[in-house]
Number of protein chains: 2
Amino acid sequence: MVQGIYEDIAGTLRSHGLQVTSQRILIYDYLIHTREHPSAQQVFEDVFESLPGISKATVYNTLEVLSNHGLIQKININSGVTRYDGDTSVHSHLICTHCHRIIDYFDDSFLGLRVPENLWNGFEVKRTCVIFYGVCDSCREELAAQAKEKRKARKDCVVPFKRDLKQVDAWLTVKTKG
Amino acid sequence: MVQGIYEDIAGTLRSHGLQVTSQRILIYDYLIHTREHPSAQQVFEDVFESLPGISKATVYNTLEVLSNHGLIQKININSGVTRYDGDTSVHSHLICTHCHRIIDYFDDSFLGLRVPENLWNGFEVKRTCVIFYGVCDSCREELAAQAKEKRKARKDCVVPFKRDLKQVDAWLTVKTKG
DNA sequence: CTCTAATTTTAGAATGATTATAAGATATCA
DNA sequence: TGATATCTTATAATCATTCTAAAATTAGAG
Ligand SMILES: [Mn+2]
Ligand SMILES: [Mn+2]
Ligand SMILES: [Zn+2]
Ligand SMILES: [Zn+2]
């Protein structure tokens, strides 16, 4: 039961030749289940709750490793901070230029049209990125309600963020012995 | 200071309620005529040739002002530095993930498909951004050459292909002790 | 043209996200 | 269980960008 939660994540890490650590499990798990497209700082703060003492350097290292292995993706917006997305499926983003919220946008109708050709003037397209910049619902109505809205959005997440480190350790121990 | 060639630029600046300065004219003129999608640093270096003594702060200030008035556009790529484009017409970009070159891409066929709807779940789309990440012509050749070198190096290896298991064991032992 | 107020430029300092470093801790595998 | 490669951590370093306040310049009125 305890080990079941992280079975998939550990397997994924191993299949990519990565060592399994509690830090990596918690960060990857967090990114998979949040819809917030958090920054490194946000990842650090939220994972810190489950694993006090985790270093910000580890967060950056892990995000880089996961990104390089295609397990998560980076998102760059006009704000100077990189955001991270645990959802690597093909989808677009609506980005609010005011509050910098990033909303997932799935639209089958133009998925097939996104890569016009695979080779253009010698340029080989590997990945197509569609971003819709604009103003989100709450920002348009009232700018003052920003912080409150953000907190609410986080609360609405289907999966609780906080994880018990003991569960991870127990699982790791069982895994090691077995 | 303001000559005939820059009347258009000066007029544009004035029409946006901006004061006309040699710094603004030169920066805007530079951005309009280059296709390089330069960074602030590149703008600074190139404009410095025409106007020695210009400050980097002025470059940043001016780029911000021009951008806020829609006279130029910012481009964010996965590299930590903002790039600037004096062409504000609707077009997409091919971005080389290796050398960070940005190439203009005009394709009428999907222009109409880029904004699916103007309002989605309360989100008001203001601008759509399509970016094709990949590898440019010269970089692909370079990478191919590197791969070839690697293959060649492996081929040129003096160690015989077939190994004696005893030799390997001996080598490993020495390696371990040393 | 001259004067004045508002705006802009400037050098340098400050900020803040990210990366580099090197020592200590941990995971992996036989 | 022990050897070794890998990972984590605290801290320092980097570097693009923003801030600051004084000096210079612009625009407009007289
Ligand atoms: Mn997403
Ligand atoms: Mn362009
Ligand atoms: Zn918003
Ligand atoms: Zn390239």
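Bear in mind that the values here come from a model prediction, so they are computed numbers and not experimental data.
- Closest to the side chain of Gln19(B), out of dT8(C), dA10(D), dG12(C), is dT8(C).
- A donor-acceptor contact closer than 3.5 angstrom is absent between the side chains of Ser138(B) and Glu141(B).
- Remark: C1' of dT8(D) and CG of Leu26(A) are 14 Å apart, rounded to the nearest angstrom.
- What separates CZ of Phe44(A) from P of dT18(C) is a distance of 14 Å, to the nearest Å.
- Taking atom CD1 of Ile25(B) as the reference point, atom P of dT9(C) lies 11 Å away to the nearest angstrom.
- A cation-pi arrangement is found for Lys56(A) relative to Phe44(A), the charged atom lying closer than 6.0 Å to the ring centre and inside a 45° cone about the ring normal.
- Separating the SG atom in Cys96(B) from the CZ atom in Phe132(B) is a distance of 15.5 Å, to the nearest 0.5 Å.
- Put simply, Ser55(A) has no side-chain N or O that comes within less than 4.0 Å of OP1 or OP2 on dT8(D).
- Ring-plane geometry between His91(A) and His37(A) is classed as tilted, the angle between the planes lying from 30 to 60 degrees on a 0 to 90 degree scale.
- Per the geometry, CZ belonging to Phe48(A) stands 16 Å off P belonging to dT8(D), to the nearest Å.
- Nearest-nucleotide positions on DNA chain D place Gly17(A) closer to the 5' end than the other of Ala40(B) and Gly17(A).
- Other residues, nucleotides and ligands contribute more than 12 heavy atoms inside 6.0 Å of the CD atom of Gln73(B).
- Of the residues in residues 61-69 of chain B, Asn61(B) come within less than 4.0 Å of DNA chain C through at least one heavy atom, sorted by number.
- A side-chain donor-acceptor contact under 3.5 Å links Gln42(B) to the backbone of Ser39(B).
- In this model, no donor atom of one side chain and acceptor atom of the other lie less than 3.5 Å apart for Thr97(B) and Arg127(A).
- Between Lys56(B) atom NZ and dC19(D) atom P the separation is 17 Å, expressed in whole Å.
- Spacing between atom CD of Glu45(A) and atom P of dG16(C) amounts to 14 Å, rounded to whole angstrom units.
- Look at Arg24(B) and you won't find any side-chain N or O under 4.0 angstrom from OP1 or OP2 of dT26(D).
- Residue Tyr60(A) places none of its side-chain N or O atoms closer than 4.0 Å to OP1 or OP2 of dT19(C).
- Listed pair Gln23(A) / dT9(D) meets the phosphate criterion, a side-chain N or O lying under 4.0 Å from OP1 or OP2.
- For Val20(A), counting side-chain heavy atoms from C-beta on, the closest listed nucleotide (dT10(C), dT28(C), dT18(C)) is dT28(C).
- Looking at Thr34(A), its side chain never comes within 3.5 Å of a backbone N or O of Tyr30(A) through a donor-acceptor pair.
- For Thr82(B) and dA16(D), the shortest distance from a side-chain N or O to OP1 or OP2 is not below 4.0 Å.
- Identified under the side chain to side chain donor-acceptor pair (under 3.5 Å) test for residues 58-69 of chain B, with sequence neighbours left out: Glu64(B)-Lys74(B).
- Protein atom CG of Leu18(A) is 7 Å distant from nucleotide atom P of dC7(D), rounded to whole Å.
- Taking only side-chain nitrogens and oxygens, Thr21(B) comes nearer than 4.0 Å to OP1 or OP2 of dT9(C).
- Where the helix from dC1(C)-dG30(D) to dA30(C)-dT1(D) starts and where it ends, the local axes point in directions that differ by 40°; five pairs per end, rounded to 10°.
- Using modelled atom types, no side-chain atom of Arg83(B) and backbone atom of Arg101(B) make a donor-acceptor pair closer than 3.5 Å.
- A straight line from CD1 of Ile54(B) to P of dT8(C) spans 14 Å, rounded to a whole angstrom.
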